Structure formats: structure tokens, C-alpha cells
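Here the structure is laid out as C-alpha cells; the discussion comes afterwards.
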Amino acid sequence: MILITGATGTVGRLVLDRLPADRDVRALTRNPSRVTTIHPRAEVVQGDYADRTSLERALRGVRSALLVTTSVTGDDDARFLAAARAAGVQHIVKLSAAAVQEPDADDLITSWQRTNEELLRSSGIAWTMLRPRSFMSNTLSWASAIRSEGVVRALYGASANVCVDPRDIADVAVEALTGSGHHGQAYTLTGPEAITAVEQTSLLAHVLDTPLRFEELSPDDALTAWSRRYPEAVAQALLRGAERQRAGAKREVDATLSAITGRPARSYATWAADHAGAFAAPIGAGAARPGGPAGAATTGTD
């Protein structure tokens, strides 16, 4: 049995659908009605990290699990690991972030991820860390302004990030959950090239066949926008991450993803073409859901 947490999230839902059809799979979610998996043997269970009884129920008979947590100020990882250890789980694949490897990345979000990684390493359970750069899907947060104004607004438009397609992250997660040789490994996952918000805007304009303009936000404006959605400490962490990106900390391509999947990482141009409908039509009917502003804590901050 494989347990997928975050089963309605950006990565979890993709992993759920990509697992081999002959594997027993369980999806843990607070809202089972939002799970739309096509996996033929998936069992959906309702639960919450704060509810030990629901965790025990979800973990019963589980051999390996994908662990995705998003509450930066909570202790979800500790709760899950305690229940997993008691249930006899053998292997956990943890979704973390690339920034944990960088000594100068000491913001709240990165520090939280480092702490979570250490909790897993010291749990006695075999582990695999997935450390992606920012998700390409973070740019779905631009969709509303693109549709209504033909504009993209972002901070530091000329700074580059080797952002990664969530589908590629999911492919690596599936391999780590079902393949061999992944215990005790930490994988940095990037796209094939560093790309700026200005360049992403240009690619989206081409894909949508419509003119788009880029407007650069000031740091104060970006911080204000983030503060509307996140606690102040998280907004400050996002700003510090953007400043590190501006300084060039997120430009380096890593070949690990390609080595594991046996194919090149997907480009932003490919991702944009495959998700054009989310920008061209109201989000809802078949469109991918945005996970938050670019760099958001829940969708691949790095």
C-alpha cells in the first residue's frame, strides 16, 4: 500500500494518477470530494494531520508514503512521522525545497523545510527527499490579470529561476515510491533552463496568441500582495527568496531529474502550451487550479 498525502494538491494529485495501475493506493485528504483520481485501485480516506485517529486509519497497512505539508508554522511533519513510525511505514518520500542546501537561505520557509528534513532523517524510517525549484504552475496566479487586463505583474522580472514542471516532480516521486535505490537520497529537481518572468510573459503571449505586457512590482507592492494571502512572516520569507533569486541563487540547472526519468525535463514553453486553457478561459471547467502567487509557500518555494 502506498499513501499519498496532499492528494488534491499540485504534486499529490499528479502522483496519484501516475502510480502503476496494479498498486494499492490510498489518498489522504481533508476533503474527499475534491479527489478526482483516475487510478483504478485508489482508496480515498478523509483525515487531517492534527487528527491522530484519522492518521492511524490512513496509515494502516501502508509500506511507503508521499509526505506533503504546507503549514509553515505547524507541526504536521512531526505528527505524521510519529503516526507513520507507529504504523510500521518503511519509506517516506518527502516534498521539500531546493533552498535547504543553501547556507544563506535562512528565511522562515526554508528553515521550516530544513527542520522537517531533519525530523524525517532522525525518524528511523527510510527516506527520500525531493527538492524542487519553484513550480512552473505558480504562474497560474497571473491568469486573472492576463484575462482581464492582458498584463503580468511580478517582482524582479529580469531575475531567472530554473523552475520545474510539477508533472516532472510527480514522475520522480513515483519512481522514488515504486523503484529501488532511492533510500537515503536527496534529489534537486529543476527545469531545463533558467527563465525570467519577462520571458515567461513573452512565451504566454505566443501560446495565447495575444499581446501581453509585463509590469514590474516594487518590493513593497509585492510584499503587500503576499501579505493579503499569507501571514507577515511568510510574506517576508517570499520576499527574501525573491531577493536571492535576483542575486542569481536559482539559476543553476541540475541534471538529476533527467537522470531519474530518462528524458529531458519539460520546458516552460511546453508547460505553457499544455495549460493555455487556464489562462484563456475562466478557471473551473477543466482548467488547472492555481496554487497561489509565484513563489508561494504551498506551491514550490525554493
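Remember, predicted model here, so these are calculated numbers, not experimental data. Here, residue 1 is the first one in the sequence, and each next residue gets the next number.
- Listed here is the closest heavy atom pair of V35 and A7: CG2-CB, 4.5 Å.
- When side chains are defined from C-beta on, T73 does not count as touching P231, because their heavy atoms never get closer than 4.5 Å.
- Between H182 and Y187 there is a side-chain heavy-atom pair separated by less than 4.5 Å.
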V151 and L212: side chain to side chain contact (heavy atoms under 4.5 Å, CB included), yes or no, with the steps? CA-CA 5 Å; V151 65; L212 297 176; over 6 Å; no
One pair to check against side chain to side chain contact (heavy atoms under 4.5 Å, CB included): T196 and N161. What are the steps and the verdict? CA-CA 6 Å; T196 69; N161 189 310; over 6 Å; no
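- Using a 4.5 Å heavy-atom cutoff, the side chains of L238 and L223 are not in contact.
- A heavy-atom distance below 4.5 Å is found between the side chains of I2 and I4.
- Side chains of R13 and T8 form no contact here, defined as non-hydrogen atoms less than 4.5 Å apart.
- Shortest non-hydrogen contact noted between L130 and A173 is CD1-CB, 3.7 Å.
- Using a cut-off of 4.0 Å between Lys/Arg side-chain N and Asp/Glu carboxylate O, R167 and D274 are scored as salt-bridged.
- The main-chain N or O of D107 is found under 3.5 Å from a side-chain atom of S111 such that the two form a donor-acceptor pair.
- For the pair D254 and R133, the salt-bridge criterion is not met [side-chain N within less than 4.0 Å of a carboxylate O].
- Of all the heavy atoms in R23 and H39, the pair that sits closest is O-CE1, 3.1 Å.
- Under the side chain to side chain contact (heavy atoms under 4.5 Å, CB included) test applied with L257, the options T190, V164, I169 reduce to a single match, V164.
- The two residues S137 and W271 come nearest to each other via the heavy atoms CA-CZ2, 3.4 Å.
- At distances below 3.5 Å, not a single donor-acceptor pair connects side-chain atoms of T201 with backbone N or O atoms of F214.
- Contact check on E118 versus R121 returns a salt bridge, with a Lys/Arg side-chain nitrogen under 4.0 Å from an Asp/Glu carboxylate oxygen.
- Residues W226 and L155 meet the side-chain proximity criterion, which asks for heavy atoms closer than 4.5 Å.
- Cluster partners of M1, using a side-chain heavy-atom cutoff of under 4.5 Å among ILVMFWY residues and allowing indirect links, are L3, L28, V45, Y49, L55, L59, V62, L67, F80, L81, V89, I92, L119, L120, I125, W127, M129.
- Looking at D221 and T224, their side chains never bring a donor and an acceptor atom within 3.5 Å of each other.
- Here the closest non-hydrogen pair linking S96 and P132 is O-CD, 3.5 Å.
- Residues in residues 84-94 take part in these side-chain hydrogen bond (donor to acceptor under 3.5 Å, both in side chains) pairs, two or more places apart or across chains: T69-K94, D77-K94, H91-T128.
- A distance-only check finds no donor-acceptor pair linking the side chain of E43 to the backbone of R26 [under 3.5 Å].
- The closest side-chain donor-acceptor pair between T139 and Q200, if any, does not fall under 3.5 angstrom.
- With hydrogens and angles left out, the side-chain atoms of D17 and T37 include a donor and acceptor closer than 3.5 Å.
- In the model, E117 has no side-chain atom that pairs as donor or acceptor with a side-chain atom of Q113 under 3.5 Å.
- Checked by atom type and distance alone, the side chain of R114 pairs as donor or acceptor with a backbone atom of V100 at under 3.5 Å.
- When side chains are defined from C-beta on, Q185 does not count as touching H183, because their heavy atoms never get closer than 4.5 Å.
- Remark: R18 engages D171 in a salt bridge, criterion side-chain N to carboxylate O under 4.0 Å.
- Q101 and T188 are linked by a side-chain donor-acceptor pair at a separation below 3.5 angstrom, with hydrogens and angles left out of the test.
- With D75 contributing its side chain and A78 its backbone, the two residues share no donor-acceptor pair below 3.5 Å.
- Annotation: side chain of D106 is in contact with side chain of R240 (closest heavy-atom distance under 4.5 Å).
- Side-chain N or O atoms of S141 include one that pairs as donor or acceptor with a backbone N or O of N138 at under 3.5 Å.
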Verdict with supporting geometry, R263 and D168, salt bridge (charged side-chain N to carboxylate O under 4.0 Å, His left out): CA-CA 10 Å; R263 57 165 178 76; D168 285 342; 2.7 Å; yes
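- Nearest heavy-atom pair across A233 and L108 is CB-CD2, 3.6 Å.
- R147 places a side-chain N or O within donor-acceptor distance of the main-chain N or O of A278, the cut-off being under 3.5 Å.
- Side-chain N/O atoms of N31 and S33 include a donor and acceptor closer than 3.5 Å.
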